[in-house]
Amino acid sequence: MSSHLLKKGYEPQEVERRWYAYWEKESLFSGEDVSDKKPFSIVIPPPNVTGVLHMGHAHNNTVQDILCRYRRMQGYNVLWMPGTDHAGIATQNVVEKGLAQEGKNRHSIGREEFVKQVWQWREKYGGLIINQLKHLGASCDWARERFTMDEGLSKAVRTVFVKLYEQGLIYQGDYIINWCPRCRTALSDLEVEHEDHNGHLYYIRYPFQNKKRGIVVATTRPETMLGDTAVAVNPNDKRYRGLDGKTLMLPLMNRGIPIIFDEYVDMKFGTGALKITPAHDPNDFEIGLRRNLAIIKVIGKDGRMNEHAGRFQGKDRFECREEVVQALRKEGLLEKVEAYQHSVGHCYRCRTTVEPYLSKQWFVRVKPLAEKAIVAVQTGATRIIPDTWTKTYFEWMNNIKDWCISRQIWWGHRIPAWTCENCGEMIVAMARPAVCPACEGNALVQETDVLDTWFSSALWPFSTMGWPDSTQTLKTFYPSSVLVTGFDILFFWVARMMMMGLHFMKDVPFRDVYIHALVRDAEGKKMSKSKGNVIDPLYVIDKYGADAFRFTLAAFAAQGRDIKLSEDRIEGYRHFINKLWNASRFALMHLSDFEYEESGQDTQDFSLADKWILSRINGVVETVTESLDDYRFNDAANSLFQFVWHELCDWYLEMVKPVLYGTVALSDGAIETSPSRYATTRFVLWSTLNETLRLLHPFIPFVTEEIWDKLPGTEGSIMKAEFPVISEGRNNREAEDAMRVLIGVVSAIRNIRGEMNVPPSLFLETTVQSPDKGVKELLKQHRDMIVNLCRLKSLQVAPPGERPTSSATSVFGACTIFVSLKGIIDFELEQARLSKDITKVSRELDGIGKKLTNEDFLRKAPQEVVQKVREKGKRLMEKKNKLENHLSTVSQIAGNP
RNA sequence: GGGCGGGUAGCUCAGUUGGGAGAGCAUCGGCCUUACAAGCCGGGGGUCACAGGUUCAAGCCCUGUUCCGCCUACCA
């Protein structure tokens, strides 16, 4: 029996470890490939294998876990597919750093050895974040854990690459791409983060060949002038009329470059003359192509000036900028320098300033894929929630540009393309061909580039389920039910999964996309290591427990708004967990020998409190269900919080205490609880706690499991229990109305006690007068309850009549309440209290009076609204009259004590 | 430049057909009342950013202004 009792304070650490191990051991997280149940599936946004759990992960995975546990309890066949992402650049960076410490680099050990070492690193540290997810309580189907570099997923990547190539949707070509000189790789447009930078606009004079005047150009990047091959002006620009085809002398390089006319040039900007560097600027490159301009690269892969940069060769690009400016100034060709703010691209992995760089790369032709992905959202095949993101999605999809997918790193999926060294034939295939299909030679060299990590991530919803094989998992679980992710990877990942899913699976990858907000610090700033404002989820879990943490995240997860998190808030919700724990502790004290009895369900026996709490919990079931179905996690969490704390604990438990302790006063004065009342109360207490735990489980799995385990009459894990369903029969308007009256009267009495500074140790005599027969009957029937909750000596219920002397007064509905304060009443205090009340009522009455004297309101507003206002006015008027009567009585006494 | 979101109590925020301004925290007062001081009871606190408009009625709908945040963009 003592095993049923709970310790005085909830201690999460041990409980969490124990139950997680149990769930895993019992395989409660497994999805079934073959099942009669309806499927529900989620693929996890794979965290970087280099990652450690941060707030974003915690929030994201809490939401997913709530959904999975909820659906599982509703009887769905749930698959939550977990795994990690090989994170090409990030992982390579980590391992390279390790090498650097040993005085080595990847080139010194070679590609094969390097990749081997990355794998070793992954074996050793790659499981870290997975373990951390377990601390959070994530109910992923761990047996299915995938990694983007697994053999199966790699096969999927090769298959997709080959097919897209064959379909003409992948091509190789020379274009300007974003180059990170530190990572020494190309980046996609998305991987570049733009930041406003306070730079300069340099005005440089390019003289004519005869050394005269010339043209002044404006640039933010003077170092690129070394690679200029033209100067462009707008053909409509009068200032430059007649100069088409003339030649300018490029300063510092002493190279002749032509003046060309091109509509692209903005006459209003700078001098209206634009220097053209086709090798280092995407627009210049386009113009260069149009005009057949020479292309001269002056910056190398390492960000240093190359052999075409003349005397600046070997200089870092920024160092070179300074020196070019100096040199121009010396030659008198620097006209002026203006402060100029412009945005500069940075590598999203290492923050290095990105260099627009001409090189041969592989691209996906995205337009045709995007079209289908747009339609899928337009038709509702996939819903984006909240809807505001739909517009952003369309915006990007409609303006999408080809996707650079090749990366010049070693860790990743190597592009399955081979070039024949004999005849130059390019072969794209699943595996290395035996011989060149063109010349039958065997000098085939594989492409050294690897693919963008997001390329493999784009396949995640089906590659994890076994594609390209036609698996039972795919049949059962594709498309997934919902994708839960942050808006920061809407384009990176969501959009690309949509495209790939539609193209290769002929169906969307997910029915719903739930986009959640970011977790920020208490001031609303993005958490970052450099700012030092990160809160470590593992620290939080250790200190407050995973449940408190999860509930906090859920309670703050309002759609479309960022979560500002601070430890205080988590601590607040730890109090909630503790409250639940203690309420359960109380219940279990009285339920230790409880046995489920059919007789207990006889509604005839239910007390008002019983009917009320059952009606209330039914309302909560409805709210929680609707909220979760709509991804309104905060609404669900808040309604549970409100119910548990302020309805179950504050009222129901307090009301049934006398029954459970056997101290109910009977009409003849005896103190005892009838056996049937006791049994019924225990039944309702038991079933309410039982149901509350089930409602709470998706949010706070550990503590609910622990209490569930101790609760008599439950079997097995709460994970397998049924999620509560609404039963209309429990809705009880009458009980809720009656309780509203009782709660009102009790609150009014407590209010007087509080305001009049009556110590709790004093038990008072109280009279409630009411003309309403039903109300009087109700109060009489629940006299004991009121006496108990208000710490009264006695409670008289009477028709309106004489005012008891030395009383403080309050009016609630049809009830006038007199709390006898013989000997302790402070008449001045009472006058002040009544006056305050009167003022409040008067103010409300003013507003109502205005409405009721407004002809238009009476004529145009719906009759039920008018009626409601009339009734309210009547009630308030009565209340005001009564209060004023009391005030005048009290004033008389105060005046003549 | 384009787009999106937000400005409601001291703080953080709810407020889903326009008809009673709410919660949590903080604060103040009173309580160790037999589940819980990680608690109980009670109180105070808001021209719902500003200005117009629609309406009998606006925190909610429309227009404009302003401040803050974010996303996006090839304006040298």
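These numbers come from a predicted model, not from an experiment. Lettering follows sequence order; numbering is per chain, from 1.
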If the condition is side-chain contact (heavy atoms from CB on, under 4.5 Å), which residues does A:Asn178 pass it with, not counting sequence neighbours?
A:Leu187, A:Asp189, A:Val192, A:Val354
Does OP1 or OP2 of B:C13 have a side-chain N or O of A:Asn634 closer than 4.0 Å?
no
Let me know the distance between CZ of A:Phe643 and C1' of B:A23, rounded to the nearest Å.
18 Å
Using whole Å, what does the distance between atom C1' of nucleotide B:C71 and atom OH of A:Tyr393 come to?
17 Å
Regarding the side chain of A:Pro760, the nearest nucleotide among B:G42, B:U33, B:G19 is B:U33
Rounding to a whole Å, what distance do you find between A:Glu195:CD and B:G69:C1'?
16 Å
Round to the nearest Å and state the distance from A:Asp635 atom CG to B:A14 atom P.
10 Å
How far does the C1' atom of B:C40 sit from the matching atom of B:U33, given to the nearest Å?
8 Å
Can you tell me, in whole Å, how much space there is between the C1' of B:G29 and that of B:G46?
22 Å
Spacing between A:Met655 atom CE and B:C41 atom P, to the nearest angstrom
13 Å
As an exercise, state the distance from CZ of A:Phe269 to CG of A:Leu274, rounded to the nearest 0.5 Å.
9.5 Å
Would A:Glu567 and A:Tyr544 count as a side chain to side chain contact (heavy atoms under 4.5 Å, CB included) if you check the C-alpha gap in whole Å, the side-chain angles of each, and the deciding distance to 0.1 Å?
CA-CA 9 Å; A:Glu567 259 191 81; A:Tyr544 301 100; 2.6 Å; yes
Using the C1' atoms only, state how far B:U55 lies from B:C41, rounded to an integer number of Å.
44 Å
A:Glu706 and A:Lys710 ion-paired at < 4.0 Å:
yes
Nearest-0.5 Å distance, CG of residue A:Asp629 to OG1 of residue A:Thr625
6.5 Å
Considering every strand and a 4.0 Å limit on heavy-atom distances, what is the contact class for A:Asp284: base, sugar-phosphate, or nothing?
nothing
What's the closest nucleotide to the A:Lys851 side chain, out of B:C36, B:G20, B:G42?
B:G20
So, is A:Lys579 near the phosphate of B:C40, with a side-chain N or O under 4.0 Å from OP1 or OP2?
yes
Using the P atoms only, state how far B:U66 lies from B:C25, rounded to an integer number of Å.
39 Å
Nucleotide of B:G30, B:C4, B:G43 approaching A:Lys391 most closely (side-chain heavy atoms)
B:C4
Out of B:G42, B:A38, B:C56, minimum distance to the side chain of A:Phe857 belongs to B:C56
N or O in side chain of A:Lys836 less than 4.0 angstrom from B:G44 OP1/OP2
yes
Is the phosphate of B:C40, meaning OP1 or OP2, less than 4.0 Å from a side-chain N or O of A:Trp645?
yes
Expressed in whole Å, how much space separates the C1' atoms belonging to B:G19 and B:U63?
24 Å
Give each protein N/O atom lying under 3.5 Å from an N/O atom of nucleotides 73-76 of chain B, with the pair distance.
| residue | atom | partner | partner atom | Å |
| --- | --- | --- | --- | --- |
| B:C74 | OP1 | A:Lys401 | NZ | 2.5 |
| B:C74 | O2' | A:Asn283 | ND2 | 2.5 |
| B:C74 | O2 | A:Asn283 | OD1 | 2.3 |
| B:C74 | O2 | A:Asn283 | ND2 | 2.9 |
| B:A76 | OP2 | A:Tyr340 | OH | 2.7 |
| B:A76 | O3' | A:Thr220 | OG1 | 3.4 |
| B:A76 | O2' | A:Ala218 | O | 3.4 |
| B:A76 | N6 | A:Asp266 | O | 2.8 |
| B:A76 | N6 | A:Phe269 | O | 3.4 |
| B:A76 | N1 | A:Asp266 | N | 3.3 |

Give one of base, sugar-phosphate or nothing for A:Arg791, where a contact means two heavy atoms less than 4.0 Å apart.
base
Under a 3.5 Å threshold, yes or no: a donor from one side chain and an acceptor from the other, between A:Asp228 and A:Thr277?
yes
Say you draw a straight line from CG of A:Asn634 to CZ of A:Arg632; how long is it, rounded to the nearest 0.5 Å?
8.0 Å
Mind checking if A:His646 touches a base, just sugar-phosphate, or nothing, with heavy atoms under 4.0 Å?
sugar-phosphate
Under 4.0 angstrom, heavy atoms only, what part of the nucleic acid is A:Pro862 near: base, sugar-phosphate, or nothing?
base
Taking the same atom, P, in B:A38 and in B:G44, what whole-Å distance lies between them?
27 Å
Would you call the rings of A:Phe594 and A:Trp686 parallel, tilted or perpendicular, where under 30° means parallel and over 60° means perpendicular?
parallel
Where each residue is assigned the nucleotide of RNA chain B containing its nearest heavy atom, which of A:Thr388 and A:Phe491 is assigned the position nearer the 5′ end?
A:Thr388
Contact class for A:Glu626 vs. all strands (heavy atom < 4.0 Å): base, sugar-phosphate, or nothing?
nothing
Parallel, tilted or perpendicular: which fits the ring planes of A:Tyr175 and A:Phe363, with parallel below 30° and perpendicular above 60°?
perpendicular
I'd like the C1' distance from B:U16 over to B:G52, given in whole Å.
27 Å
Rounded interatomic separation in angstrom, taking CG from A:Asn578 and C1' from B:C40
14 Å
Parallel, tilted or perpendicular, judged at 30° and 60°: which one describes the rings of A:Phe551 and A:Tyr573?
tilted
Starting from P on B:C56, measure out to CD on A:Glu864 and report it in whole angstrom.
18 Å
If one requires at least 3 consecutive Watson-Crick or G-U pairs with distances under 3.5 Å, the stems of RNA chain B turn out to be B:1-7 with B:66-72, B:10-13 with B:22-25, B:27-31 with B:39-43, B:49-53 with B:61-65
Answer yes or no: does atom CD of A:Glu195 have more than 12 heavy-atom neighbours from other residues, nucleotides or ligands under 6.0 Å?
yes
Provide the distance between the two C1' atoms, one in B:G3 and one in B:A57, to the nearest whole Å.
34 Å
Give the intermediate values and the outcome of side chain to side chain donor-acceptor pair (under 3.5 Å) for residues A:Tyr348 and A:Glu193.
CA-CA 6 Å; A:Tyr348 83 138; A:Glu193 288 180 355; over 6 Å; no
Could you state the atom-to-atom distance from CG of A:Leu789 to P of B:G42 in whole Å?
11 Å
Record whether the side chain of A:Arg632 comes under 3.5 Å of the base of B:U16 through a donor-acceptor pair of N or O atoms.
yes
By nearest nucleotide on RNA chain B, pick out whichever of A:Ala587 and A:Asp568 is the more 5' one.
A:Asp568
